[in-house]
Amino acid sequence: MKLVEIVFDLPLDRTFDYLAGRWAGQLQPGCRVRVPFGPRSAIGWVVGEKEVEKAVYRYRTISRLYDRQSLLTSELLELCRYLAWRYCASLGQVLATITAGFSLTYPAGKKSSPERKDNQPSPENNLFSTTAVPAGETTFFLYGKQHQRNQYLLSLASASSGSCLFLFPETRAASCFHHFLAGYFPDRTVFFHGELPGSLRLKLWHRLMTEKNLFLVGTRLGVFAPLTDLSLICLDEPEHPGYQERRQPRYETTEIASWRARKLGAGLVLTEGCLSLSHYHAISSGQARLSVASQVLLRARVRVIPWQRASRRQLLTFLTEEAIACLEETVLKGQRLAILHHRKGSFRLISCKNCDHCFPCPDCALPMVPLEKTKSLACRFCGQNFPLPEKCPACGSKKIIWRGTGLHNILQSLKKAYPHLEIATVTAEEKMPSNPSAQIFLGTLALEEIMEEIAPALLLIPAADAFLNLPDYRSEERFFCLVNRCRQKMPPEATVLLQTYNPGLPLFQSLVANNDQLFYEKELQLRRQLAYPPFTTLLKIEIETRPEKKLDKQRRVLEELFSRCQMEPVYNGPGYPPVIRKHYRWKYLFKLASLENLKRLRPASEMPEVSLTFNPVEM
DNA sequence: AATAAACTGTTG
DNA sequence: AACAGTTTATTC
C-alpha cells in the first residue's frame, strides 16, 4: 500500500501517513495539503511517501491539494531537515516558518514570465570596479559610510554569475538598498520580505524558483529564497538582533546563510561597521577573510573623561566641566552635536527612602516605572497602571525618591541651561526629528541610524557605564561596536566624548588608541576562560505556565531530562520577569561545548510551554 | 496545537 | 446527581 507522509505546524517531531486518493502522482515533497486530522481538518506539508505491506492504521485520505508544484527545491528540503535538528523544532514548524503567510490559492490567469532585456549594467553606469568573491569562502567587509557598502555590494553583484541574495536586518534598510540596486538592474532585482501580502509572496516565490540570474533584496525570511543558481549571499550587519526569529524555530539568519553557502559552494559576504568578537575570532583563526573599505581607518577620535565627584554643575548634573566646555565650544563654532543616552523618558524607578520598597507590580513582581505624562505607575511587562503613590505601602513613609536619569531629564536641563538652542530628540518611536535644523540631537540608540545625516562634530555619551552595566556578557562588546560604528559614520575630524567612572577599562583604552585588536584580544581571553561564545554555544530554555504548581512539575520533568543528558545549567532560576500576566516563568542557561546532543533535548521542545533559544539576543 | 475524554472537587 | 474546572491522551 502506498502512503504519503505529512507533517504539521505542531511541536510533534513525526510524520503522519495518508492515502493519496485522487491526488496520487501529483504529491511532491513540499506541497501543502488539507487532511482530516483527528476530529478536525488541518493544513500539512507532504514530505515523502512510503510503501507498507499491510495497514497498521485506518488511513484517511488527503482532501485537498493546494500546490501543483512543490514550494521547495531539494536543497531547501534538506535545509529544512537541518533546521529542524539544529533548532530542536519539528519539520512542520520549519516548513510553516518558511512558507508562512503564503496564500493558499494561486492568482487566476496565465502568468507569462516577461522576457528581460537589459541584464547587464549599461556602460555609463559601469564606473565601479568589479570585485569577485571566492566561491565557498566567507568574507567580511568593513565599511564606514553607507555608500561604501552599497558600492561594494554593487560591484559584487556586477561580478557575479548566477543569482545573489542581499539580506538586511530591517525592512527599511532592505528597501533602501533595493532602490539603489534596482537603479542599475531594474529587471533582475526582486524585493522580498515578511510584510508583503501572502498572494504577492507566493507569486514572487514562484518567480525566484523559475528564473535565473536574479538579485534578491530582503529581510531575514529571504534567506530561504528558492533560488536555483545561488552564487552569493550577502548579509549586512549580521549581528543585528533583527536577524533572529522570535518564534520557534528561532533560527539565526547568518547560520542558515552559512549552511547554504557551504552546501552550494556559493560565496558568503558579511558587511558590517565593526567586527563583532566572534567575527574577529573567525578571521584571526583563518576561517574567514577580511576586506576593509579604505576610509574605515579615518574614524572620529575618542576621548574618555573620568567622572570627578566634586565638580558637578547645578543645572547640568549629568555632565563634567570638561564635557560642558566641549559642548559649548561645538555650539559656539556653529557645529552640530549629538548626545547619546540609553534610557528614554524621565525617571527609571522610584523607591521608598525609609525601607527601600520599590513598588513592584502585583502580577509581575518587578519594580514598576513612574510615568510623568499620565501621573501613574506602570508595569513595563504587563502594562498595568496605578496612580502615583503618596506614601510607601510597606512602611507608610512619605519619603519617596526618584532615581535614574532619562532622556527627558537631560532635555529639560539642557533647555534650562541653554534656552536659545534648538534641541531635537531621536528615539525608536520618532526616528526622524521634527526639527532637522537643530543644533543638538538628543537620542537613544536610534541616533545611530541617522548619524550619517546629522554628521555631528561631537558625539557625547554622558553615561557610558550605563551601557556596560547590563546583565549580559556581551555588553562591552556591543558598546565597543556601537561606538566604532558611530565614529565611522561621523566626519573624520569629529570627536566622541565618553564619560565614565572606569576610564581604565581595556575597552576605553582600545577606543582611545584606535586599536581594535587590543580590545578583541583581551575580551577573547576572558571569553575563553569563562567558556562563553565564541568558544561555546549558549542555550536558553524557558518555561512559562499559568498555575505555579504546574511550573514546579515542569521544572521537575526538565531537570530530570537535563540530568539524563548530563547537562548542567549555569543558571537555574526565575525568568525575567519572574511572573508575567500571572504566568510563572523559569529559566535555564547552558553553555554547550558541542551540538552533538541536540536530539536528546527533543522532549523539552515538544512541551508547548517550554521554549528553546540558542545564542539569545537577551539573556 | 486543538480537541475530546477522563478526572477532579463543590454544592444542593 | 449536576456542574464547572482541570488534566491527560490522541491525532495517521
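Each chain gets a letter, A, B and so on, in the order the sequences are listed, and its residues count up from 1. Predicted model, so just to flag it, every value in this text is computed and none were measured.
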Does A:His281 form a ring pair (Phe, Tyr, Trp, His ring centres under 6.0 Å) with A:Phe535? I'd like the steps, not just the answer. CA-CA 10 Å; A:His281 183 62; A:Phe535 303 103; 5.0 Å; yes
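Contacts of A:Phe37 with the nucleic acid, taken as non-hydrogen atoms under 4.0 Å apart, include base atoms. Among the heavy atoms of the strands lying under 4.0 Å from A:Lys553 are primed sugar atoms or P, OP1, OP2 only; no base atom is included.
Scanning DNA chain C 5' to 3' for nucleotides with an atom closer than 4.0 angstrom to a non-hydrogen atom of chain A gives a first and last hit of C:dT8 to C:dC12.
Residues A:Phe224 and A:Tyr251 bring their aromatic ring centres within 6.0 Å.
Distance alone, capped at 3.5 Å, places no donor-acceptor pair between the A:Arg600 side chain and the A:Leu561 backbone. With hydrogens and angles ignored, the 3.5 Å screen pairs a side-chain donor or acceptor of A:Arg474 with a backbone N or O of A:Val617.
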Protein-nucleotides 2-6 of chain B N/O pairs under 3.5 Å:
from, atom 1, to, atom 2, distance (Å)
B:dA2, O4', A:Arg40, NH1, 3.0

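Ion pairing of A:Glu75 with A:Lys263 is absent here, as no side-chain N (NZ or NE/NH1/NH2) approaches a carboxylate O to less than 4.0 Å. The pair A:Lys212-A:Asp229 fails the salt-bridge criterion, with no side-chain N (NZ, NE, NH1 or NH2) lying under 4.0 Å from an Asp/Glu carboxylate O.
The aromatic rings of A:Phe215 and A:Phe166 lie perpendicular to each other, with more than 60° between the two planes, well past the 30° mark.
Under the rule for a salt bridge (charged side-chain N to carboxylate O under 4.0 Å, His left out), the partners of A:Arg585 that lie at least two apart in sequence or sit in another chain are A:Glu542, A:Glu544.
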